[in-house]
Participant: 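Can you keep this structure in mind? I'll have questions shortly.
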Amino acid sequence: MEKATPVILTVNCGSSSLKFGLFSRAAPPESLLTGQIRDIGLEGGSIQVADAAGQTLHESEQTAADMDAAVSQLIHLLREHFSQYMVQAIGHRVVQGGTRHIGPEIVTDELLASLETLSSLAPAHLPAELAAIRAFAKVYPEAVQVACFDTAFHRHMPFPARHYALPRGLWDLGLLRYGFHGLSYEYVLQQLRQVAPEQAEGRIIMAHLGNGASMAAVYKGMSIDTTMGLTPAGGLVMSTRPGDMDPGVILYLLKEKKLDAAVLNELLNKQAGLKAVSGSESDIQKLLAAAPSDTQAAEAVTLFCYQAKKFAGALAAALGGLDTFIFTGGIGEHAPAIRHRICEGLAFLGMHLDTGRNEAQAAVISSEGSPVTIWVIPTNEELQIAQHTQRWLQEHLK
């Protein structure tokens, strides 16, 4: 019997998907396979797994009722179809680390207890992530588990970007602007450093546009501001989240419509955003296809692009100018029409899009001579998690 290959498993629990990967224990880690369980909690869910070259290794239609069911599906998949790999370490994307957890940490009972207190700051993500960590601990009791925090990238934001204009006592309770998508931004910045190191030290706006969407202003490799705040529900309009809005809306719904916290949570995290504006659809590609004949679909796309353009202008002001703009995330990487509509009103910032390059999905989509270089850089949160996990193992398990 062949000896199993030791690997790092990465786990990335989203609000409606579970992304995972297996990576070599070598430094730097190399991808062996990646996969995703899609549409968790919806009909028509599926599992897809591909090797490092993108060739399909496994594909099936399976509905996962919730994240617990998706985790069980993943564990079964690994045991039944990929038993040639021995999981020695597991790296988890953890959305919220609060003020205490600002770098990768080994999972302990103390860490889990600390993160439990933060669950209300990311109710659509953190409880499921903690449940996944506990589930994997039972199945792989000998594996080291490492938590990698999405908020860590933004930990050095300056005072005005970090704080709400609320009584200071509330800051002490943790009511601060944390920012998210940090693992994605960290990876994209790492990629930019490899191909354009001078640009990586300049004034950058990174736009992670997917089901969850945010932007970050980065200068000299440091996050100085971002669109998401206390929770992942703020900032840009998203697939099912509203983004920023007047806090009076919440007060009105509480007082006049008598909505309780559970109903509000459902509304703000699962029933708002593109889904609400269009009437039912949250997928941007489907909305683009329907827009010519569906007024509400067209309005949803218009609102998404308008808000993205507005926040881009605000972050450029925070930077004092702009040198580089980067699109990433599912929408940012695969929707040329959205990139075009966001860029077309930002020429005053020096952003000039080359239509041909944009449609051709080139890496650089700005025109020759554009003062701002516009990039499309695919993100890879799983590889970033694997790198953090590998580094932790090297530093602590010598």
Participant: By side-chain hydrogen bond (donor to acceptor under 3.5 Å, both in side chains), which residues pair with K19, not counting sequence neighbours?
Facilitator: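 Counting only residues at least two positions away or on another chain, K19 forms no side-chain hydrogen bond (donor to acceptor under 3.5 Å, both in side chains).
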Participant: For atom CD of E30, is the number of surrounding heavy atoms from other residues, nucleotides or ligands below 6.0 Å larger than 12?
Facilitator: no
Participant: So Y185 and H181, would you call those rings parallel, tilted or perpendicular, with 30° and 60° as cut-offs?
Facilitator: perpendicular
Participant: Hey, are W375 and Q199 close enough side-chain-wise for a donor-acceptor pair under 3.5 Å?
Facilitator: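 Distance-only check passes for Q199 and W375.
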Participant: Side chains of H352 and S366: donor-acceptor distance under 3.5 Å anywhere?
Facilitator: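 Side chains of H352 and S366: no pair found under 3.5 Å.
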Participant: Measure across G273 and V237 and return the closest heavy-atom pair with its distance rounded to 0.1 Å.
Facilitator: CA-CG1, 4.2 Å
Participant: Just jot down the side-chain hydrogen bond (donor to acceptor under 3.5 Å, both in side chains) partners of Q73, sequence neighbours excluded, or say none.
Facilitator: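 Residues passing side-chain hydrogen bond (donor to acceptor under 3.5 Å, both in side chains) with Q73: none at all.
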Participant: Have N12 and E382 got a donor and an acceptor in their side chains that come within less than 3.5 Å?
Facilitator: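 A pair is found: one side chain offers a donor N or O, the other an acceptor, under 3.5 Å apart.
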Participant: Does E142 CD have over 12 foreign heavy atoms under 6.0 Å away?
Facilitator: no
Participant: I'd like to know if the side chain of R25 pairs up with that of T5 as donor and acceptor (distance under 3.5 Å, no hydrogens or angles considered).
Facilitator: no
Participant: Does this structure show an ion pair linking E198 with R203, if we count only N-O contacts that are shorter than 4.0 Å?
Facilitator: no
Participant: Quick check: is L383 connected to V49 through a chain of hydrophobic side chains (ILVMFWY, heavy atoms under 4.5 Å apart)?
Facilitator: no
Participant: Can H92 and E129 be counted as having a side-chain donor-acceptor contact under 3.5 angstrom?
Facilitator: no
Participant: Are R339 and E344 within salt-bridge range, i.e. N to O under 4.0 Å?
Facilitator: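 Salt bridge flag = no for E344 with R339.
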Participant: For K270, look at atom NZ and say whether over 12 heavy atoms of other residues, nucleotides or ligands are found less than 6.0 Å away.
Facilitator: no
Participant: Using distance alone, with no hydrogens and no angle criterion, decide if S239 and N211 have a side-chain donor and acceptor under 3.5 Å apart.
Facilitator: yes
Participant: Any donor-acceptor pair under 3.5 Å linking the side-chain atoms of H388 with those of E186?
Facilitator: yes
Participant: Side chains of T240 and L274, heavy atoms from C-beta outward: is any pair under 4.5 Å?
Facilitator: no
Participant: Looking at every non-hydrogen atom in both residues, tell me the closest pair between S214 and L209 and how far apart they are.
Facilitator: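 In terms of heavy atoms, the two residues are closest at O-CD2, 4.4 Å.
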Participant: For Y85, I'd like to know if atom OH has over 12 heavy atoms of other residues, nucleotides or ligands within 6.0 Å.
Facilitator: yes
Participant: Atom CZ of residue position R100 - does it have more than 12 heavy atoms of other residues, nucleotides or ligands inside 6.0 Å?
Facilitator: no
Participant: For residues L130 and L112, determine if any side-chain heavy atom of one lies less than 4.5 Å from a side-chain heavy atom of the other.
Facilitator: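 A side-chain contact exists here, since the closest heavy-atom pair is under 4.5 Å.
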Participant: Is there side-chain contact between I374 and T324, with heavy atoms separated by less than 4.5 Å?
Facilitator: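 I374 does not reach T324 side chain to side chain.
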Participant: Out of curiosity, L18 CG to R93 CZ, how far, rounded to the nearest 0.5 Å?
Facilitator: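 Taking CG in L18 and CZ in R93, the distance rounds to 11.0 Å.
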Participant: Using every non-hydrogen atom in the two residues, find where L183 and C148 come nearest and quote the distance to one decimal.
Facilitator: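 Between these two residues, the closest heavy atoms are CD1-O, 3.8 Å.
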Participant: Do the side-chain N and O atoms of S223 and H154 include a donor-acceptor pair separated by under 3.5 angstrom?
Facilitator: yes
Participant: Would you say that more than 12 heavy atoms from the other residues, nucleotides or ligands in this model lie under 6.0 Å from the CD of E256, or not?
Facilitator: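 Check passes, neighbour count above 12.
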Participant: Answer yes or no: is there a side-chain heavy-atom contact under 4.5 Å between L192 and V188?
Facilitator: no
Participant: For Y306 and F304, I'd like to know if the aromatic rings sit close, meaning centre-to-centre distance below 6.0 Å.
Facilitator: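 No, too far apart.
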Participant: With a 3.5 Å cut-off and no angle check, do the side chains of H208 and T328 form a donor-acceptor pair?
Facilitator: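 H208 vs T328: no donor-acceptor pair found between side chains.
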Participant: Can you find a side-chain donor-acceptor pair between H58 and T56 that sits under 3.5 Å?
Facilitator: no
Participant: Go through the side-chain N and O atoms of E59 and S46 and say whether any donor and acceptor fall under 3.5 Å apart.
Facilitator: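 Distance-only check fails for E59 and S46.
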Participant: Run the side-chain hydrogen bond (donor to acceptor under 3.5 Å, both in side chains) test against R162 and tell me which residues pass, sequence neighbours left out.
Facilitator: none
